[in-house]
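Remember, it's a predicted structure, so these values are computed and weren't measured experimentally.
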Amino acid sequence: MPQRYDVSYPGVRVRCRDESGSSSLVVWRSQWTPEVIRIETPTIYNRTVWTVEQARVLRDVLDAAVRCAGGDAR
């Protein structure tokens, strides 16, 4: 069964790495703008806004990359 994530504010923190080492990004959706998904990244310009359609494409690309790498795509 796929994992369920509550992406309402304050969102879900996902571990990653950047130039400074171990870090994380946060994915969340505001109740006032439900058609926009926000991804706060550990970069200097740390706020990225995605439309739901753009997030779907990102999800599909990430899923394809995980499958290609032999990982478990959920």
Side-chain angles (χ1 to χ4, degrees):
M1 176 142 205
Q3 174 75 33
R4 291 268 190 187
Y5 298 104
D6 180 7
V7 295
S8 58
Y9 187 83
V12 176
R13 184 168 300 278
V14 181
R15 301 300 302 168
C16 64
R17 290 190 58 81
D18 63 19
E19 296 83 10
S20 64
S22 182
S23 192
S24 62
L25 48 89
V26 178
V27 179
W28 62 282
R29 186 179 58 81
S30 168
Q31 65 180 348
W32 295 282
T33 55
E35 73 284 355
V36 174
I37 296 158
R38 300 184 183 278
I39 302 175
E40 295 183 12
T41 63
T43 62
I44 193 164
Y45 302 106
N46 68 353
R47 290 190 171 93
T48 305
V49 176
W50 305 75
T51 65
V52 171
E53 186 56 36
Q54 289 169 326
R56 283 186 183 119
V57 172
L58 176 62
R59 176 198 60 202
D60 293 345
V61 170
L62 291 173
D63 183 59
V66 169
R67 288 178 190 275
C68 184
D72 178 24
R74 295 177 200 223

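To the nearest 0.5 Å, atom CD of residue Glu53 and atom CD1 of residue Ile37 are 10.0 Å apart.
Residues Trp50 and Tyr5 share a single hydrophobic cluster, defined by chaining ILVMFWY side chains whose heavy atoms lie under 4.5 Å apart. In the hydrophobic clustering of ILVMFWY residues, with side-chain heavy atoms under 4.5 Å counting as a link, Val27 and Tyr9 come out apart.
When side chains are defined from C-beta on, Ile39 counts as touching Leu58, because their heavy atoms get closer than 4.5 Å. The closest side-chain heavy-atom distance from Ser8 to Gln31 is not below 4.5 Å.
Residues Ser23 and Arg15 share a closest heavy-atom pair of O-CZ, 3.3 Å. Closest approach of Val36 to Arg29, counting heavy atoms only: O-CG, 3.5 Å.
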Item to check | side chain to side chain contact (heavy atoms under 4.5 Å, CB included) evaluation trace for Thr33 with Arg38 | outcome: CA-CA 10 Å; Thr33 55; Arg38 300 184 183 278; 3.9 Å; yes
